[in-house]
J.: 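The structure is given below, and queries will be raised subsequently.
These numbers come from the heavy atoms of this one structure, side chains and all, not from hydrogens, waters or symmetry mates. Order of appearance sets the numbers: ligands from 1, and atoms from 1 within every ligand.
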Amino acid sequence: MHRRIAHMAAEALIPTSPDEAAKLFGEAGDVVVFGGGTILLPEIAAGRLHPARTLLLHRSGLDTLEAGGDVVRIGAMTTIAVLIDGTDDLLTRFAEHIGDGEIRRTATVGGNLCASPGIGSQRGDLGAPLIALGARVRSTGAGGARTEPVEDFLAGDRRVRLVLEIEYDRPAGKTAAEMMRRRHAHSYAVANVAAAEVNGGLRIGISGVAPFAVRARTVEQSRNADDVLKDVEAVSDALASAAYRRKMLPLLVQRVLDQLETA
Ligand SMILES: Cc1cc2nc3c(=O)[nH]c(=O)nc-3n(C[C@H](O)[C@H](O)[C@H](O)COP(=O)(O)OP(=O)(O)OC[C@H]3O[C@@H](n4cnc5c(N)ncnc54)[C@H](O)[C@@H]3O)c2cc1C
């Protein structure tokens, strides 16, 4: 049975099962979903966010991770730290660069997928490996529950969906990754490229370059690294200019293609 706590003008909804979380999200109307809160809490502390109603997922049971079989299933509330210990190499390589140990023990996969860009940097690093792995996102919201490719979920209006679970088939083929970041424990990515051979084809995901991660479909077909600029429109932020990202991204893609060639 969920708890409902009202304090002054704010109300917190605390579901105790995934079904209850989905039901409350559907009924609540305008509600701010809380995962680990590593993005939301600083916003509230700085006075930039004043949520009237929050859906707190920490007791929702959405933190399950099933990684033993051919299909890996990651509950939205799985923390980045748990992901590092429990999933495959490609996802782990990106997860272990997010924030520091304290952030990784609190930040969730659902929050990473739904993270909007920060004031000075892009976020949502896990989008690149999840796209490369051919992950699917199960979410609920208007129209009910649906499962869709992660790149479609990211390109949609994430604010109106509650992420329940992410799943992917464990990769049987080669994988490759390149990350470009500032040298600091709290650094965000300047550009991320992840690639995987899935079902006989190549899948490439790009994150850290634009407001949400994208699939590099043109490069997947042509194997020409310069084509990545047709797939993603780089943005400027405090970490890097769009021009710099446009210069570096094809080089990173070329390195990933070379890794796959020689692996
Ligand atoms: C010092 C520091 C360093 C960081 N470094 C990185 C980094 O290197 N790379 C990176 O990608 N991020 C980084 N972050 C940002 C952040 O920690 C991660 O993106 C994290 O995964 C967000 O998850 P969360 O659960 O804390 O999100 P929250 O703060 O709980 O939520 C973030 C957004 O997602 C929404 N949301 C959360 N869960 C769900 C859900 N299940 N369904 C629908 N919407 C949901 C929230 O409403 C909110 O809009 C950093 C943050 C800090 C403070």
J.: Do any N/O atoms on Arg123 end up under 3.5 angstrom from N/O atoms on ligand 1?
T.: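 Looking only at distances, the answer is no, because the N/O contact criterion of under 3.5 Å is not met.
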J.: Any carboxylate oxygen within less than 4.0 angstrom of a Lys/Arg side-chain nitrogen, looking at Asp237 and Arg123?
T.: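 No, no charged N to carboxylate O under 4.0 Å.
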J.: Is the shortest N/O to N/O distance between Thr106 and ligand 1 below 3.5 Å?
T.: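 It does not: no N or O of Thr106 is found under 3.5 Å from an N or O of ligand 1.
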J.: Are any side-chain N or O atoms of Asp125 and backbone N or O atoms of Phe94, one a donor and one an acceptor, separated by less than 3.5 Å?
T.: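 The answer is no, because no donor-acceptor pair under 3.5 Å joins these two groups.
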J.: Before signing off on this row, confirm whether Leu162 and ligand 1 have an N or O atom pair separated by under 3.5 Å.
T.: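 The answer is no, given that Leu162 and ligand 1 share no N or O pair closer than 3.5 Å.
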J.: How does Ala76 reach ligand 1, by side chain, by backbone, by both or by neither, if only non-hydrogen atoms under 4.0 Å count?
T.: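 It is the side chain that gets close, since no backbone atom is under 4.0 Å.
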J.: Looking only at distances, can you tell me whether any N or O atom of Ile98, backbone or side chain, sits closer than 3.5 Å to an N or O atom of ligand 1?
T.: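 Looking only at distances, the answer is no, because the N/O contact criterion of under 3.5 Å is not met.
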J.: I'd like to know if the side chain of Arg203 and the backbone of Leu133 have a donor-acceptor N/O pair within less than 3.5 Å.
T.: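 No: the side chain of Arg203 does not pair with the backbone of Leu133.
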J.: Using a strict cut-off of less than 4.0 Å between a Lys/Arg side-chain nitrogen and an Asp/Glu carboxylate oxygen, indicate whether Arg93 and Asp89 qualify as a salt bridge.
T.: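 Yes.
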J.: Does Arg161 have a non-hydrogen atom less than 4.0 Å from ligand 1?
T.: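 Checking ligand 1 against Arg161, which is what was asked, there is a heavy-atom contact under 4.0 Å.
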J.: Using a 3.5 Å cut-off on N or O atoms only, is Ile103 in polar contact with ligand 1?
T.: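 No, no N or O pair falls under 3.5 Å.
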J.: Backbone or side chain, does any N or O of Gly37 fall under 3.5 Å from an N or O of ligand 1?
T.: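 By distance alone, the answer is yes.
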J.: Using a 3.5 Å cut-off on N or O atoms only, is Gly99 in polar contact with ligand 1?
T.: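 Among all N and O atoms of Gly99, at least one is under 3.5 Å from an N or O of ligand 1.
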J.: Ignoring angles and geometry beyond distance, decide whether Gly36 reaches within less than 3.5 Å of ligand 1 through its nitrogen or oxygen atoms.
T.: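 Looking only at distances, the answer is yes, because the N/O contact criterion of under 3.5 Å is met.
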J.: Under a plain distance cut-off of 3.5 Å, with no hydrogens placed, do Tyr168 and Asp88 share a side-chain donor-acceptor pair?
T.: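 Side-chain D/A pair, Asp88 to Tyr168: present.
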J.: Please examine the side chains of Leu164 and Arg138, heavy atoms only from C-beta on, and report whether any two atoms are closer than 4.5 Å.
T.: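 With C-beta onward as the side chain, the pair touches.
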J.: Under 4.0 Å, heavy atoms only, figure out whether ligand 1 is touched by the backbone of Leu113, its side chain, both or neither.
T.: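 It is neither; nothing of Leu113 touches ligand 1.
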J.: List ligand 1 atoms under 4.0 Å from Gly124, heavy atoms only on the residue side.
T.: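 Matching atoms, with element in brackets: 10 (C), 11 (O).
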J.: At less than 4.0 angstrom from any non-hydrogen atom of His97, what atoms of ligand 1 do you find?
T.: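 Checking each atom against His97, I get 8 (O).
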J.: Under a 4.0 Å threshold between the charged nitrogen and the carboxylate oxygen, would Asp30 count as salt-bridged to Arg159?
T.: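 Judged by the 4.0 Å cut-off on N to carboxylate O distance, Arg159 and Asp30 do not form a salt bridge.
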J.: What atoms of ligand 1 come within less than 4.0 Å of a heavy atom belonging to Gly35?
T.: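 What qualifies from ligand 1 is 25 (O), 30 (O), 37 (C), 38 (N).
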J.: Could you tell me whether the side chain of Asn112 and the main chain of Leu126 form a donor-acceptor pair under 3.5 Å?
T.: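 Yes, because the side chain of Asn112 sits within donor-acceptor range (under 3.5 Å) of the backbone of Leu126.
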J.: Considering only NZ, NE, NH1 and NH2 on the basic side and carboxylate oxygens on the acidic side, decide whether Asp152 and Arg146 come within less than 4.0 Å.
T.: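 Salt bridge between Asp152 and Arg146, a charged N being under 4.0 Å from a carboxylate O: no.
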J.: Mind checking whether Ile80 has an N or O less than 3.5 Å away from an N or O of ligand 1?
T.: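 Ile80 vs ligand 1: no N/O contact under 3.5 Å.
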J.: Got an N/O contact under 3.5 Å between Ala107 and ligand 1?
T.: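 So ligand 1 has no N or O lying under 3.5 Å from an N or O of Ala107.
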J.: For ligand 1, is Arg159 a contact, meaning one of its heavy atoms is under 4.0 Å away?
T.: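 For ligand 1, residue contact (heavy atoms, under 4.0 Å) with Arg159 is absent.
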J.: Considering Thr78, Thr38, Leu49 one by one, which has a heavy atom nearer to atom 26 (O) of ligand 1 than any of the others?
T.: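 Result: the heavy atom closest to atom 26 (O) of ligand 1 is in Thr38.
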J.: Taking only heavy atoms of Asp125, which atoms of ligand 1 are found under 4.0 Å from at least one of them?
T.: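 Listed by number with element, the hits are 7 (C), 8 (O), 9 (N), 10 (C), 11 (O).
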